[in-house]
Participant: 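Sharing a structure, written as C-alpha cells. Questions coming.
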Amino acid sequence: YLLKLSWVVILMNAKEYDMLADRCISRYQPYWILSSVRDDTVLRDRMYSPINVYHQYHIWSQKNEGVLELYQLIPDIAVLLPTSGSTGSVKFVALSRENLQINAELMGRSLGVQKGDRAVLMIPFSYAYGVSVITSYLEAGGTMLFPSGKITQNDYWDELEAAGVQAIFGVGYTYEI
C-alpha cells in the first residue's frame, strides 16, 4: 500500500533498528514510523509521538503537525533495504518500483510460483532475499504465511501442514534447525 502511494519505505529488523535508528531518522526525517517498541526513547527524543497501534506495531508521527516535506532521495525510489554484504557493516540498497516489479516477476518464474501456491518465510522480511520471496509470491497470486510460534516447536510445523504450505524459505541455519 505504501509503495502505491509513492512513499519510501525502509525495512529494518530489531538489531538494525537499535544500531541505525537515530542516524536514519536524522538523515531521512520520516513522517511516520512503525515500530514494535511501545515506548521508544529515540523517537521521543526526536519529537515523535505515538498516534496509533496497528497489529503489534506502534505508529509514531512527527509532533510538528502540518509539516510534511517529502524528500525525493532518488527518482522513483520505493524501498531502502538493509544489507551488510561481506563487510558486516549495515548499508542500504535503494530499489525502484521497477526494480521490485522485475525482481518479483523473475524470482517468481525462477521459483516456479503459481497462483494459489503457499509458502512460509523463515527469515526477516527486511532481508533482500525475504522481500524477493514475498513479492514473487504476491505477484504470482500466491500466499505467504507468517505463522506464530517458534520453529523448534511441533505446533509450528502442525500449523504449516494445516495451512498447506508447499515451500519454506530461509537461510542455511534455518534448514540446519
Side-chain angles (χ1 to χ4, degrees), residues 1-21 24 28 30 32-37 52-59 73-86 90-177:
Y1 177 73
L2 295 176
L3 296 176
K4 288 183 180 182
L5 293 174
S6 298
W7 293 352
V8 177
V9 176
I10 299 175
L11 301 176
M12 287 189 271
N13 65 30
K15 181 180 176 185
E16 293 156 347
Y17 181 82
D18 289 343
M19 292 181 344
L20 300 170
C24 284
Y28 300 114
W32 288 291
I33 297 175
L34 277 67
S35 171
S36 60
V37 180
N52 208 338
V53 176
Y54 178 75
H55 293 283
Q56 74 268 26
Y57 296 101
H58 300 271
I59 303 170
L73 304 173
I74 300 171
D76 196 39
I77 188 172
V79 67
L80 294 170
L81 293 177
T83 180
S84 62
S86 58
V90 178
K91 294 175 179 56
F92 289 94
V93 175
L95 296 176
S96 70
R97 286 159 192 75
E98 184 179 12
N99 292 145
L100 287 172
Q101 182 66 42
I102 291 169
N103 183 64
E105 292 169 5
L106 293 175
M107 185 81 165
R109 270 190 250 143
S110 173
L111 295 172
V113 182
Q114 298 189 13
K115 186 174 184 170
D117 284 355
R118 300 170 72 77
V120 66
L121 185 66
M122 294 185 173
I123 59 172
F125 65 84
S126 61
Y127 287 15
Y129 178 57
V131 169
S132 294
V133 170
I134 292 169
T135 57
S136 66
Y137 267 77
L138 297 178
E139 173 67 23
T143 301
M144 289 299 306
L145 299 161
F146 302 95
S148 57
K150 297 181 180 181
I151 64 174
T152 55
Q153 297 174 334
N154 289 337
D155 291 351
Y156 183 88
W157 296 100
D158 293 342
E159 187 177 343
L160 296 186
E161 187 176 359
V165 168
Q166 301 150 307
I168 296 171
F169 294 94
V171 293
Y173 181 70
T174 308
Y175 304 116
E176 287 177 22
I177 293 175

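From a predicted model like this one, the values you see are computed outputs, not experimental measurements.
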Participant: Taking all heavy atoms of Gly108 and all of Ser136, pick out the closest pair and write down the distance.
Facilitator: N-CB, 3.4 Å
Participant: For Tyr137 and Leu121, run side chain to side chain contact (heavy atoms under 4.5 Å, CB included): C-alpha distance rounded to whole Å, both residues' side-chain angles, the deciding distance at 0.1 Å, then the answer.
Facilitator: CA-CA 11 Å; Tyr137 267 77; Leu121 185 66; over 6 Å; no
Participant: Going by the side chain to side chain contact (heavy atoms under 4.5 Å, CB included) test, name the single residue among Thr135, Val165, Ile134 that passes it with Met144.
Facilitator: Ile134
Participant: Can you list the steps and then say if Arg118 with Leu145 is a side chain to side chain contact (heavy atoms under 4.5 Å, CB included)?
Facilitator: CA-CA 7 Å; Arg118 300 170 72 77; Leu145 299 161; 3.8 Å; yes
Participant: Taking side-chain hydrogen bond (donor to acceptor under 3.5 Å, both in side chains) as the definition, give me every residue that meets it alongside Asp158, ordered by chain and number, with sequence neighbours left out.
Facilitator: none
Participant: Just how far is it from atom CD1 of Ile102 to atom CZ of Arg97, taken to the nearest 0.5 Å?
Facilitator: 14.0 Å
Participant: Which atom pair, heavy atoms only, marks the closest approach of Met107 to Tyr129?
Facilitator: CE-CE1, 3.6 Å
Participant: Quick check: does any side chain N or O of Ser110 sit under 3.5 Å from a backbone N or O of Leu106, one acting as donor and the other as acceptor?
Facilitator: no
Participant: What residues form a side-chain hydrogen bond (donor to acceptor under 3.5 Å, both in side chains) with Asp117, not counting sequence neighbours?
Facilitator: none
Participant: Looking at every heavy atom in both Ser132 and Asn103, which two are closest together, and how far apart are they?
Facilitator: OG-ND2, 2.8 Å
